[in-house]
There are 2 protein chains.
Amino acid sequence: MKNQAESNSSATRILSQTAEVDAASVQPFPASQKIFVAGSQADIRVPMREISLDDTPTDFGGEVNAPVRVYDTSGPYTDPAVDIDVRRGLPDVRSAWIEARADTELLGANSSGFTRQRLDDAKLAHLRFDHARAPRRARAGANVTQMHYARKGIITPEMEFIAIRENMSLQQARELGVLDQQHPGDAFGAAIPEEITPEFVRQEVARGRAIIPANINHPELEPMIIGRNFLVKINGNIGNSALGSSIEEEVEKLTWGTRWGADTVMDLSTGKNIHETREWIIRNAHVPIGTVPIYQALEKVGGVAEDLTWDIFRDTLIEQAEQGVDYFTIHAGVLLRYVPLTAKRVTGIVSRGGSIMAKWCLAHHRESFLYTHFEDICDIMKAYDVSFSLGDGLRPGAIADANDEAQFGELETLGELTKIAWKHDVQTMIEGPGHVPMHLIKENMDKQLRECGEAPFYTLGPLTTDIAPGYDHITSGIGAAMIGWYGCAMLCYVTPKEHLGLPNKEDVKEGIITYKIAAHAADLAKGHPGAQLRDNALSKARFEFRWEDQFNLGLDPDTARAYHDETLPKESAKVAHFCSMCGPKFCSMKITQEVRDYAKGQEAAAAESGEQLVTMVDVEAEMREKARQFREQGAEIYHKV
Amino acid sequence: MKNQAESNSSATRILSQTAEVDAASVQPFPASQKIFVAGSQADIRVPMREISLDDTPTDFGGEVNAPVRVYDTSGPYTDPAVDIDVRRGLPDVRSAWIEARADTELLGANSSGFTRQRLDDAKLAHLRFDHARAPRRARAGANVTQMHYARKGIITPEMEFIAIRENMSLQQARELGVLDQQHPGDAFGAAIPEEITPEFVRQEVARGRAIIPANINHPELEPMIIGRNFLVKINGNIGNSALGSSIEEEVEKLTWGTRWGADTVMDLSTGKNIHETREWIIRNAHVPIGTVPIYQALEKVGGVAEDLTWDIFRDTLIEQAEQGVDYFTIHAGVLLRYVPLTAKRVTGIVSRGGSIMAKWCLAHHRESFLYTHFEDICDIMKAYDVSFSLGDGLRPGAIADANDEAQFGELETLGELTKIAWKHDVQTMIEGPGHVPMHLIKENMDKQLRECGEAPFYTLGPLTTDIAPGYDHITSGIGAAMIGWYGCAMLCYVTPKEHLGLPNKEDVKEGIITYKIAAHAADLAKGHPGAQLRDNALSKARFEFRWEDQFNLGLDPDTARAYHDETLPKESAKVAHFCSMCGPKFCSMKITQEVRDYAKGQEAAAAESGEQLVTMVDVEAEMREKARQFREQGAEIYHKV
């Protein structure tokens, strides 16, 4: 065994490592506590992170600041009560719910021939995850999708879990009176309610406007939802390629990415041992996992696109569905007639899946098996509740190619396919571009909503310019924030390494934080109820020089603290009533406090002198009058010249 | 002398250093040549950077790729023909133009009492820049602003220089046929012409829609323009505070910031030796320098805002105008009646200048001397051609405070002041927020255009959320790109250290690149003629695996190359027809080439078989027909279920 392990370079590290994932990923967030909000049954426990705040300093009023609850994607990894062991996988969240529905069965053997072949291969033993679950499948004739239940009027535990999660303890915030201060948003026709109820979740899933990616073979999952009337989500990609990275590295990127905010993770592996890598990832994933099955299918035919067949692809879908993949990117909209439309583009076809299918179509001069077997695929999806992520194989890879005939033609086809998927109660979202200049972004969103009946849109960026390799998290973060505002439900992150190389851990974090910013900026602009709570709390902390609170309420407390300490490293500086930018004399915050004291003083003086209570409005009115008089004098100066 | 130098910590490094600025700032860009496009007279030489490209590889067609010209803000520092010596300052560009206008005179002594006092102080000798220029001022009664000339119908050499610079050799690009491929933009009522002519520059300056910040005491300046019908500009801030950084560091940040793209630089120093620091900066600046004179005035009264007087402020304006500052931020819109409106804000007043003036107004219970002496200030501005940057002292410092009464009240006053400045032919731009959620950004732009008669808007960000300290270059880059698209003329950069500490060189670069992205994304969305050229060239290079060209056409070739080399360090990988992300088998670019070959093959086969020339449209039509038939068959499948 040892010899074998040594002979196999990368994957062996899984075995040789300790039971813990890297320390950085399991460290609790500063001043934060993982809490669980209870649902209607004991096993609905919705995780949130509660950030404790200091009291306001006495000279700013001295009040107590209520802790702030934030949406928590970090899973059991930041729960001190959970003993993490990547070799055993995560605790089970959903099996009891799935079993209670009594419409599935555990299979004695895997249905995929490829899976059985890998399991039978003794040479792969050292790569294998030891605690694989027995595969589960819908009973004959049953449809086990959340959409199916929703349409039957059933509120599943998953839906209730999500309602509590999305609602983010709004009631509590309302009681504390901190919900008032929020700008009404502009949501471009979205139907965001004042409160997210389980019934609202059900309705949205039933009409296809939201999806809950939750394969019955992925019970470790903490349910989440993707839809324009919910918080904007982000996806982080991981995955090895033929050129690098090990299973261990991929699991580490998963825990690292979700720590910083990834709501779902796509495993885009194209290298060695895709099957085994995926098993490790899913068993250690508390977030939905998406894949692009055609990548693995292509590996199975030695990388020759034209040798792909429906049978190989079908077996790959089943293989992955029984492992627990929650959504599949399927490029079924790459039709033969669209392919020549890409020939005159600056960058042709840039989607890997799209180009594989285009090549197949040309080689066979017929529509792809993804399109012709689309309903067969639906049958597989509904037996495991795998959601569609209908791939945009013809997305533009350059600003020049944005919103062209090929792209929009494919989008129309994706709209047709959405309706077919919905006929089968299969949950469906739609993938979008790509590279699009700012002024053409809204057209994408509007067309997608129209063509696809408001099915959730899931876009990569879009990148708003091509000229900044090394900074494409930023070129795309701009577009992502905008399309999120316009109605996009999930934003696929882009790292600084986009177009250049494989992201390392720091790149993953940089990409995730950028996209959290984009998603949150979109939530604010849409006026999502309660979204502004965290902004208000952080800005109040900033104003009151509660430095620790400012760091801790931020998306990345570590970096904020480190940046602060570069200039003012001493602990005393974290309670100082000034900062390094302006120094003690120039502090505008300090002066503002004097303005407030002045305003209060005016009120107090008026009260003392026996006059009626002078309100701020009165003070303002008085000042207006004084200012008016003054301006009249001042105005003379202007006439004298 | 040596002892004195040693006793004075930071500033002495200016003297002890060699004649060169840091090597990183003077290194020429890879594959780039500094060229000068000639104007109508010999001394109009407009710098541009020309990036040479490799030929397209034979298997992609083998054509020659024309070099790409880009706007060059890096000044003489990247000109190998110039011998840089920060102790002597930069070469003179404009003195002959200024002298030829015969409306100025060199003064025998400085007009500012404070300047004379500093000059007389022997203890400051070691800090002083040795080659100070004699101050120049308008002759009695003369108005020397570019706006004044423009309104008299005069096209100055500055205007011609700018026309050539903004036009970016469009004619050449047109001749090469590379201008066609550009999306028509959506410029929200801007009036961007197809070609920037000197007469157009004159017209825009005459009507106040653009400014040319160019003090007659700053002849080292390479003229540039700020206005919504020109390329969007960015500003980088430098400046020491009481807590840190030396003169040398500030000059280094200047050269570093302009290397990466700063169009103007603001010196926001509030620490020691502001006067001397500024002299070093201006004498070494080829870009306009802006300041906030109230900062220095406050230093002069020991930091006690209420002790500020018009006389001290006036002397400060003259002091700085005679050094060559090109634009002054003046917070003249902070009126007494607006101040109480900020008391209930989450973060009150966050502008340093705004809070200083608010404090003064409250202490004296009268309008500030900035407002009451506004026309006196205009008289100073027009004697040196210093442009106004009317400060937004009441800008929101938190999402919660965006677009409130205080902010918009001040903006209305700035509109009134703009009209007064224009009466004096003083060039004027308007500063804007701040922290604004995405959906409230456009209201800012629209109101500014309306209230201020289309005077250029110059905004800080805006930051679209408060929750990401450490990443505010990104939270604000999103807002900056959007407001640039909507019509903002210049974007003031924000670094990752915003709210936390003083930016170092890496932070300056990160902020500048982020803002170059925002400005360029805005140019693309506005449809600025030729803006897409660089995107197209870079994307074509990317598609053709011309790695070096992809790096070199980017905003930051060094980072792009370094990221690529992290995964594929070998030189051979820079000509490889695949990359680390997908490996050799999965390359969509390669497959696209096959699609093109296929499309060409169809044409060729048709031609050979004696049929009429089959165009792409025909191929498409044929495919549509085949696909239609196929769908009809396929459609049956859908009905069978």
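Just so it is clear: chains get the letters A, B, ... in the order the sequence lines come, proteins before strands, and each one is counted from 1.
- Contact detail for A:Gly185 and B:His439: the closest heavy-atom pair is CA-NE2, 3.5 Å.
- The heavy-atom pair separating A:Trp485 from B:Met438 by the smallest distance is CB-CE, 3.7 Å.
- Rounding to the nearest 0.5 Å places NE2 of A:His473 at 7.0 Å from OG1 of B:Thr514.
- No other option in A:Gly479, A:Ala402, A:Ala522, A:Pro557 has as many heavy-atom pairs under 4.5 Å with chain B as A:Ala402.
- Shown here are the side chain to side chain donor-acceptor pair (under 3.5 Å) partners of B:Tyr471, two or more places apart in sequence or in another chain: A:Asp556.
- Contacts of A:Asn504 with chain B are made by side-chain atoms alone, with heavy-atom separations under 4.5 Å and no backbone atom involved.
- Atom CG of B:Leu555 and atom OG1 of A:Thr475 lie 10.0 Å apart (nearest 0.5 Å).
- Looking at heavy atoms from C-beta onward, A:Phe543 lies out of side-chain contact with B:Val350 at the 4.5 angstrom threshold.
- No part of A:Pro503 comes within reach of chain B, as not one of its non-hydrogen atoms sits under 4.5 angstrom from that chain.
- Ranked by heavy-atom pairs under 4.5 Å with chain B, the first of A:Asp507, A:Leu553, A:Thr464 is A:Thr464.
- In this structure, A:Leu538 and B:Pro469 approach most closely via the heavy-atom pair CD1-CD, 3.8 Å.
- Although no hydrogens or angles enter the test, the distance criterion places a donor-acceptor pair under 3.5 Å between the side chain of B:Asp535 and the main chain of A:Asp466.
- Contact detail for A:Ser539 and B:Ala398: the closest heavy-atom pair is OG-CB, 3.4 Å.
- A:Ile513 touches chain B through its side chain: at least one heavy atom from C-beta onward sits under 4.5 Å away, while N, CA, C and O do not.
- Considering all non-hydrogen atoms of both residues, B:Val346 and A:Lys540 come closest at CG1-N, 3.8 Å.
- Counting heavy-atom pairs closer than 4.5 Å to chain B, the top-ranked of the candidates A:Asp401, A:Leu268, A:Asp186 is A:Asp186.
- A:Gln532 approaches B:Ala400 most closely through the heavy-atom pair NE2-CA, 3.4 Å.
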